[in-house]
Amino acid sequence: MPYIDSGANFCCMIEYIKGELTELTPALAVVEAAGVGYALQISLNTYSAIQGKKEVKLYVHEAIVTGGRDDSFTLYGFSTKQERELYQMLITVSGVGANTARMILSSLSPKELCNVIANGDERILKGVKGIGLKTAQRIIVDLRDKVISSGVAEELHAGGTSAAVAVHSPVRDEAVQALTMLGFSPAPSAKVVSQILSADPTLPVEQVIKQALKMIK
């Protein structure tokens, strides 16, 4: 999904690029697809995930910067949707730019970052190059509820394919929406629903809601 610096709306142009990995460094991957070589900025997490592979699939975030002396168009690649989602959350925080967000995701795994934000551990965030106390606190304040309610943290903790599918299923989204309409907060609703679907991904939405109503505090 692209980010347009001038304040224009988001629009999805490239979801992912799948093809031959022709070049790879810890900061850059070149993927050839349909005869075109795409240069994608990557984190160390993605570098580790695709190192040694011939064919890769990278989820894309597009950054379009306009209004200055030179316009620019940069592609960022991520080995998982979850890492991309965390990156897109990070760059919404004031003071966190593209390079800083990539530095964070190079210093911490997605799972570690979710834990740090959810637990409010500003000390670990401060240990990332370029992150001061105020920025660390701002990241935690701005993103804690988003990380919990998005399902990213639950998916990363699930550790299995079936759980990952369940967390981002239409059943999950419908159940969380229904619980929110019933007056429950989105964050705890999402957490409980994800737990239920991780245990049994085959449950219909009505059963998920019934179980959630018994578990939400």
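When all heavy atoms are compared, the tightest approach of Tyr38 to Leu40 is O-CD1, 3.4 Å. The two residues Glu20 and Glu55 have their closest heavy-atom pair at N-OE1, 3.6 Å. Residues Val147 and Cys114 share a closest heavy-atom pair of CG1-SG, 3.9 Å. The two atoms that bring Ser106 and Asn45 nearest to each other are N-ND2, 4.3 Å, heavy atoms only. Listed here is the closest heavy atom pair of Val128 and Ser107: CG1-OG, 3.8 Å. When all heavy atoms of Gly77 and Thr46 are compared, the pair lying nearest together is O-OG1, 3.9 Å.
Taken together through direct or relayed side-chain contacts under 4.5 Å among Ile, Leu, Val, Met, Phe, Trp and Tyr, Met13 and Tyr16 form parts of separate hydrophobic clusters. Hydrophobic clustering, with ILVMFWY side chains joined whenever heavy atoms are under 4.5 angstrom apart, groups Phe73 together with Val31. Note on Leu213 and Val171: same hydrophobic cluster, where clusters join Ile, Leu, Val, Met, Phe, Trp and Tyr whose side-chain heavy atoms are under 4.5 Å apart, directly or indirectly. When the side chains of ILVMFWY residues are joined at heavy-atom separations under 4.5 Å, either directly or via intervening members, Leu197 and Met215 end up in a single hydrophobic cluster.
Side-chain atoms of Ser48 come within 3.5 Å of backbone N or O of Leu44 as a donor-acceptor pair. Using a distance-only test at 3.5 Å, with no hydrogens or angles considered, a donor-acceptor pair links the side chain of Ser198 to the main chain of Ser194. Side chain of Thr22 to backbone of Glu32: no donor-acceptor contact under 3.5 angstrom is found. Between the Arg138 side chain and the Val96 main chain, no donor and acceptor come within less than 3.5 Å of each other. Looking only at distances, a side-chain donor or acceptor of Arg102 sits under 3.5 Å from a matching main-chain atom of Ile42. Judged purely by atom type and a 3.5 angstrom limit, Asp142 has no side-chain atom pairing as donor or acceptor with the backbone of Thr92. Under a 3.5 Å cut-off, the side chain of Asn119 and the backbone N or O of Asp121 do not form any donor-acceptor pair.
Between His61 and Phe78, the ring center distance fails the sub-6.0 Å criterion.
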Checklist line | Leu203 and Ile196: CA distance, side-chain angles, deciding distance, side-chain contact (heavy atoms from CB on, under 4.5 Å) verdict | finding: CA-CA 9 Å; Leu203 284 176; Ile196 293 169; 3.6 Å; yes
Next item on the list: Decide yes or no on side-chain hydrogen bond (donor to acceptor under 3.5 Å, both in side chains) for Ser43 and Glu83, but give the supporting numbers first.
Entry: CA-CA 9 Å; Ser43 69; Glu83 187 183 16; 2.4 Å; yes
Next item on the list: Test Leu105 against Leu113 for side-chain contact (heavy atoms from CB on, under 4.5 Å), laying out the working first.
Entry: CA-CA 8 Å; Leu105 287 168; Leu113 180 57; 3.8 Å; yes
Note to self: Walk me through whether Gln82 and Lys111 qualify under side-chain contact (heavy atoms from CB on, under 4.5 Å).
What the structure shows: CA-CA 9 Å; Gln82 292 70 46; Lys111 180 178 179 179; over 6 Å; no
Margin query: As a quick check of understanding, evaluate side-chain contact (heavy atoms from CB on, under 4.5 Å) for Asn115 and Glu112, giving each step before the final call.
Written below: CA-CA 5 Å; Asn115 286 335; Glu112 289 170 338; 5.7 Å; no
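Of the inter-residue distances, the one linking Leu28 atom CG with Glu23 atom CD reads 7.0 Å to the nearest 0.5 angstrom. Considering CG of Leu90 and OG1 of Thr100, their distance stands at 9.5 Å, rounded to 0.5 Å. With values rounded to the nearest 0.5 angstrom, Met89 atom CE is found 7.0 Å from Leu143 atom CG. Interatomic distance, OH of Tyr59 versus OG of Ser79, reported as 9.5 Å (0.5 Å rounding). Ile91 contributes atom CD1, which lies 8.0 Å from atom OH of Tyr76 (distance to the nearest 0.5 angstrom). In this structure, CD1 on Ile140 lies 9.5 Å from CD1 on Ile124, to the nearest 0.5 angstrom.
By the 4.5 Å heavy-atom criterion applied to side chains, Thr74 and Gln41 are counted as neighbours. A heavy-atom distance below 4.5 Å is not found between the side chains of Lys81 and Glu85.
Around OH of Tyr47, the count of heavy atoms belonging to other residues, nucleotides or ligands within 6.0 Å exceeds 12.
Between Leu179 and the options Val208, Val193, Val192, a side-chain contact (heavy atoms from CB on, under 4.5 Å) holds for only Val193.
Taking the charged nitrogens against the carboxylate oxygens, Glu15 and Arg84 do have a contact shorter than 4.0 Å, which makes a salt bridge.
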